[in-house]
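A quick write-up on the structure given underneath.
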Amino acid sequence: NSRIVLEIDAMYRGSPYWELDTSDALTFLRADPACDDLRQANWVGEVLGRSRVVDVNDRAVHLVGTFAGREDMIGRPIADFWPPDSQADLAELIAAVAIDGSPDATRTRDITSLLLQAPVLTVWRSPETGAGAMFVAVKGALIDRRSYWSLRASEDRYRKLIGALNLRK
């Protein structure tokens with residue numbers, strides 16, 4: 001497994017990346033006849049909700065961790081962290097890699113992002129891992145580091161406000 005981490009580091013140095021366990025998503029993909037319509041919100045939610053984070057680097061935590069640390073992200077679905085504007089893209093690439101029979105299947109796509117300039121999403125499987133293990137990386141420069149931290153601060157203020165409200169009737 002350390003060889004795979006070194007391979008990822010060499011290919012995507014400085015980029016956010018995740019290792020996912022997509023075993024449950026693969027089971028769903030094989031069982032669901034509606035997988036032809038890949039952009040269905042419920043289909044996307046099922047695939048990403050069944051794909052669990054096994055490992056994540058610090059850059060990914062800072063980019064989409066939504067106040068969760070690395071330890072809090074591991075074991076949870078990638079759907080909890082992935083930005084909504086590119087969830088369908090990630091689900092489609094996971095499905096494409098899953099359907100591809102080769103042990104080193106790779107898919108890449110340009111995606112939209114509010115935080116990254118010209119982001120490129122890559123999903124791949126390594127020959128050294130099982131069929132359910134997939135890796136995800138995003139290449140793209142932060143548009144403005146200040147906007148990232150401003151967004152995080154705004155989310156924090158919003159959470160505090162909601163937490164302070166008395167919602168009892």
Side-chain angles (χ1 to χ4, degrees), residues 4-26 28-29 32 34-68 70 73 76-127 129 131-152 154-155:
I4 296 168
V5 171
L6 291 174
E7 174 184 314
I8 294 169
D9 283 341
M11 290 171 47
Y12 298 99
R13 188 167 312 281
S15 298
Y17 67 82
W18 299 257
E19 178 181 354
L20 303 179
D21 176 0
T22 61
S23 301
D24 288 343
L26 297 180
F28 169 75
L29 289 167
D32 187 359
C35 288
D36 293 337
D37 187 5
L38 298 182
R39 293 251 175 208
Q40 284 184 332
N42 61 341
W43 182 90
V44 169
E46 285 291 329
V47 171
L48 299 185
R50 294 168 182 256
S51 298
R52 304 233 171 239
V53 177
V54 174
D55 199 4
V56 58
N57 71 353
D58 289 338
R59 179 97 182 207
V61 171
H62 290 299
L63 186 63
V64 297
T66 60
F67 297 101
R70 180 179 177 278
M73 291 178 77
R76 291 185 47 199
I78 190 69
D80 291 354
F81 309 104
W82 202 265
D85 54 342
S86 60
Q87 283 190 352
D89 294 309
L90 178 59
E92 288 177 13
L93 292 184
I94 288 172
V97 169
I99 292 167
D100 187 318
S102 64
D104 57 352
T106 301
R107 296 294 185 277
T108 299
R109 174 182 294 177
D110 294 340
I111 60 171
T112 59
S113 172
L114 298 174
L115 298 174
L116 297 175
Q117 186 175 31
V120 176
L121 172 65
T122 303
V123 176
W124 74 97
R125 181 172 43 232
S126 174
T129 61
M134 290 189 196
F135 300 90
V136 176
V138 179
K139 281 191 172 190
L142 278 175
I143 292 172
D144 182 353
R145 290 188 183 275
R146 293 172 300 184
S147 64
Y148 167 73
W149 293 110
S150 176
L151 177 63
R152 295 286 294 249
S154 175
E155 288 176 350

Item to check | With sequence neighbours excluded, residues passing side chain to side chain contact (heavy atoms under 4.5 Å, CB included) with Asp110 | outcome: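 With neighbours one apart ignored, the set is Val120.
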Item to check | Residue list, side chain to side chain contact (heavy atoms under 4.5 Å, CB included) with Arg50, at least two apart or on another chain | outcome: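 So Arg50 forms a side chain to side chain contact (heavy atoms under 4.5 Å, CB included) with Asp24, Ala25, Phe28, Glu46.
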Checklist entry - In this structure, which one of Trp124, Phe135, Trp82 forms a ring-ring contact (aromatic ring centres under 6.0 Å, His included) with Trp18? => result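 Among Trp124, Phe135, Trp82, the one that satisfies the ring-ring contact (aromatic ring centres under 6.0 Å, His included) with Trp18 is Trp82.
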Item to check | Check: Tyr17 main-chain N/O paired with Asn57 side-chain donor or acceptor under 3.5 Å | outcome: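 At least one qualifying donor-acceptor pair exists.
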Item to check | Heavy-atom closest contact (Ala98 atom, Leu29 atom, distance) | outcome: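 Where Ala98 meets Leu29 most closely, the heavy atoms are CB-CD1, 3.9 Å.
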Next on the checklist: Apply side chain to side chain contact (heavy atoms under 4.5 Å, CB included) to residues Thr122 and Thr106 and explain how you reach the verdict.
Outcome noted: CA-CA 7 Å; Thr122 303; Thr106 301; 3.8 Å; yes
Item to check | Reported CZ-to-CD distance for the pair Phe81 and Gln87, which is rounded to 0.5 angstrom | outcome: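 Result: 12.0 Å between the selected atoms.
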Checklist entry - Which value, rounded to the nearest 0.5 Å, describes the distance between Leu121 atom CG and Leu93 atom CG? => result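 These two atoms lie 5.0 Å from each other.
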Item to check | Working for side chain to side chain contact (heavy atoms under 4.5 Å, CB included), residues Ile94 and Leu48 | outcome: CA-CA 9 Å; Ile94 288 172; Leu48 299 185; 4.0 Å; yes
Checklist entry - Given the rule in the side chain to side chain contact (heavy atoms under 4.5 Å, CB included) test, do Ile78 and Met134 qualify, once you have shown the distances and angles that lead to the verdict? => result CA-CA 12 Å; Ile78 190 69; Met134 290 189 196; over 6 Å; no
Could you tell me whether the side chain of [Y] reaches within less than 4.5 Å of the side chain of [X], counting heavy atoms only?
{"X": "Ser23", "Y": "Leu26", "value": "no"}
{"X": "Asp55", "Y": "Arg70", "value": "yes"}
{"X": "Val53", "Y": "Arg76", "value": "no"}

Checklist entry - Should the pair Arg109-Asp89 be classified as a salt bridge under the 4.0 Å nitrogen-to-oxygen rule? => result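 The answer is yes: the pair qualifies as a salt bridge.
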Item to check | Candidate pair Thr22 and Ser51, rule side chain to side chain donor-acceptor pair (under 3.5 Å), full reasoning | outcome: CA-CA 4 Å; Thr22 61; Ser51 298; 5.5 Å; no
Checklist entry - Hey, mind stepping through Val97 and Arg125 against side chain to side chain contact (heavy atoms under 4.5 Å, CB included) and telling me if it holds? => result CA-CA 7 Å; Val97 169; Arg125 181 172 43 232; 4.0 Å; yes
Checklist entry - Taking only residues two or more places apart in sequence, or in another chain, which ones meet Arg107 in a salt bridge (charged side-chain N to carboxylate O under 4.0 Å, His left out)? => result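 Per chain and number, Arg107 pairs via salt bridge (charged side-chain N to carboxylate O under 4.0 Å, His left out) with Asp100.
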